[in-house]
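The structure presented is a predicted model; accordingly, all values stated were derived computationally and were not measured.
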Amino acid sequence: MGSQHELPADRSYSKPLGIRFLEYIKKAKLSYESHQAIVLIVTFFAYASYHATRKTTSIVKSALDPQSSDVGLKFPWRITYLSAPAESKGLSWVLGDGWAPFNGSDGTALLGQLDVAFLSVYALGMYFSGHMGDRMNLRIFLTVGMVGTGLFTSLFGAGYWAKIHSFYYYLIVQMIAGLFQSTGWPSVVAVVGKWFGKKKRGLIMGIWNAHTSVGNITGSLIASALLSYGWGWSFVVPGLLIAFMGLVVFFFLPVSPESVGAYREEDEVDSLRKSEEEERVTEPLLGSNTELKEKAVGFIEAWKIPGVAPFAFCLFFAKLVAYTFLYWLPYYISHTGIVLYFLLLCI
């Protein structure tokens with residue numbers, strides 16, 4: 001019975017090198033449960049690193065624009081740094097003096113434009129990343145996304161040492177970083193969904209989804225700790241961290257049970273029963289002219305699925321509040337006396 005479900009030798013190529021190494025050390029194939037544990041751990045820290053790099057911007061904002069007199073986002077967008085007097089463009093190397101062009105009177109507006117550009121490209125990229133992830137090896141796709149995110153997050157921080165004061169440089173870097181960031185969520189959800197059935201998926205997703213908070217906390221701690229050494233480090237270190245995690249994904253993440261030949265005992269029994277039933281069938285259930293074709297769900301068709309629209313709108317308003325706090329709460333606190341006010345109330 002067992003021999004009928006052994007994978008051919010030529011299928012071993014699809015196993016990640018890290019999985020092969022673990023099996024070499026263990027001198028036996030990893031169990032299905034071991035693969036599940038690896039998937040949970042690797043994807044957890046992978047997406048936590050996405051949020052860690054995403055969180056650094058909110059921490060560094062106060063260093064880039066510490067004393068902006070205008071805390072409102074201006075519309076329509078305008079960049080006054082290019083037309084500002086030469087004396088207002090003086091380069092400042094002291095942390096408390098900010099960083100041109102964000103330390104001008106429109107510094108808050110420029111920082112807001114970076115956020116809007118990043119999130120716009122991120123939202124648009126999520127749609128295409130989902131389609132590409134369905135047609136590519138998710139391990140490779142996720143690795144490219146994480147290394148790319150690390151590269152362009154680090155390039156944003158490299159502006160500190162390169163003494164770059166062009167707004168367009170930071171805008172373009174943020175937009176490309178947002179494109180790479182969009183590879184994360186569709187990929188990790190797809191991988192976890194392939195490894196866990198419907199029975200325990202709610203519990204697993206509830207525990208596993210803590211990666212968002214862990215990533216935000218980690219990113220805040222790293223960016224805050226390194227800010228005194230120069231705001232560039234607050235971007236470079238998280239960028240290197242997610243690039244490293246991208247390599248971990250490449251070497252250790254099994255994207256599906258079929259790719260590594262991992263099967264549960266109940267799956268083997270069901271497969272054997274199905275094969276026996278197929279042997280008993282003498283007449284085809286479908287006519288010879290019938291063709292079964294898998295068709296990808298389009299954008300309009302997806303909205304017609306029951307529950308998609310309500311969930312989408314609920315998530316929209318939840319994310320609206322979450323990203324407001326994520327990107328602007330540290331900046332708001334640093335520009336107001338709210339902390340001092342609450343301390344005085346306590347006294």
Counting C-beta onward and ignoring hydrogens, is there a side-chain heavy-atom pair between [X] and [Y] closer than 4.5 Å?
| X | Y | answer |
| --- | --- | --- |
| Ile38 | Leu30 | yes |
| Val39 | Pro254 | yes |
| Arg54 | Phe118 | yes |
| Thr57 | Leu114 | no |
| Ser182 | Tyr122 | yes |
| His211 | Thr43 | no |
| Arg139 | Phe250 | yes |
| Leu171 | Met175 | yes |

Minimum heavy-atom distance [X]-[Y], with the two atoms named:
| X | Y | result |
| --- | --- | --- |
| Ser49 | Met146 | OG-CE, 3.5 Å |
| Thr53 | Gly239 | CG2-N, 4.2 Å |
| Ile59 | Leu227 | O-CD2, 4.1 Å |
| Gly261 | Lys29 | O-NZ, 3.3 Å |
| Gly219 | Lys55 | C-CG, 4.2 Å |
| Phe152 | Val173 | O-CG1, 3.0 Å |

Heavy-atom donor-acceptor pair, [X] side chain to [Y] backbone, under 3.5 Å:
| X | Y | value |
| --- | --- | --- |
| Gln36 | Trp195 | yes |
| Ser213 | Ala210 | no |
| Thr153 | Gly150 | no |

Answer yes or no: are there more than 12 heavy-atom neighbours, outside [X] itself, under 6.0 Å from its atom [atom1]?
| X | atom1 | answer |
| --- | --- | --- |
| Trp208 | CH2 | yes |
| Phe44 | CZ | yes |
| Met132 | CE | no |

Option from Trp231, Phe235, Tyr170, Tyr229 for which ring pair (Phe, Tyr, Trp, His ring centres under 6.0 Å) with Tyr160 holds: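 It is Trp231; the other options fail the test.
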Kindly indicate, with the supporting measurements, whether the criterion side-chain contact (heavy atoms from CB on, under 4.5 Å) is fulfilled by Leu110 and Leu64. CA-CA 11 Å; Leu110 296 181; Leu64 298 177; over 6 Å; no
Shared hydrophobic cluster for [X] and [Y] (ILVMFWY, side-chain gaps under 4.5 Å):
| X | Y | value |
| --- | --- | --- |
| Phe180 | Leu241 | yes |
| Val144 | Met136 | no |
| Phe141 | Phe128 | no |
| Ile172 | Val236 | yes |
| Leu40 | Phe45 | yes |

Hey, could you give me the CD1/CD1 distance between Ile217 and Ile222, rounded to the nearest 0.5 Å?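 Interatomic distance, Ile217 CD1 to Ile222 CD1, rounded to 0.5 Å: 12.0 Å.
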How many angstroms lie between CG in Leu119 and CG in Leu124, if you round to the nearest 0.5 Å?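 Interatomic distance, Leu119 CG to Leu124 CG, rounded to 0.5 Å: 12.5 Å.
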For a side-chain contact (heavy atoms from CB on, under 4.5 Å) check, start with the C-alpha distance between Lys61 and Asp115, then their side-chain angles and the critical distance, and finish with the verdict. CA-CA 11 Å; Lys61 280 178 180 176; Asp115 289 344; 2.3 Å; yes
Proximity of Tyr50 and Tyr47 rings by center, below 6.0 Å: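 They qualify: ring centres under 6.0 Å apart.
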Before you tell me yes or no, could you show the steps for Phe102 and Val60 under side-chain contact (heavy atoms from CB on, under 4.5 Å), namely the whole-Å CA-CA distance, both residues' side-chain angles and the distance that decides it to 0.1 Å? CA-CA 11 Å; Phe102 304 105; Val60 178; over 6 Å; no
Under the side chain to side chain donor-acceptor pair (under 3.5 Å) criterion, do Asp65 and Thr108 qualify, and how do the steps go? CA-CA 7 Å; Asp65 178 28; Thr108 305; 3.2 Å; yes
Is there a side chain to side chain donor-acceptor pair (under 3.5 Å) between Thr56 and Ser234? Walk through the geometry before answering. CA-CA 6 Å; Thr56 55; Ser234 298; over 6 Å; no
Verdict with reasoning, Phe252 to Leu22, per side-chain contact (heavy atoms from CB on, under 4.5 Å): CA-CA 9 Å; Phe252 288 96; Leu22 293 177; 4.1 Å; yes
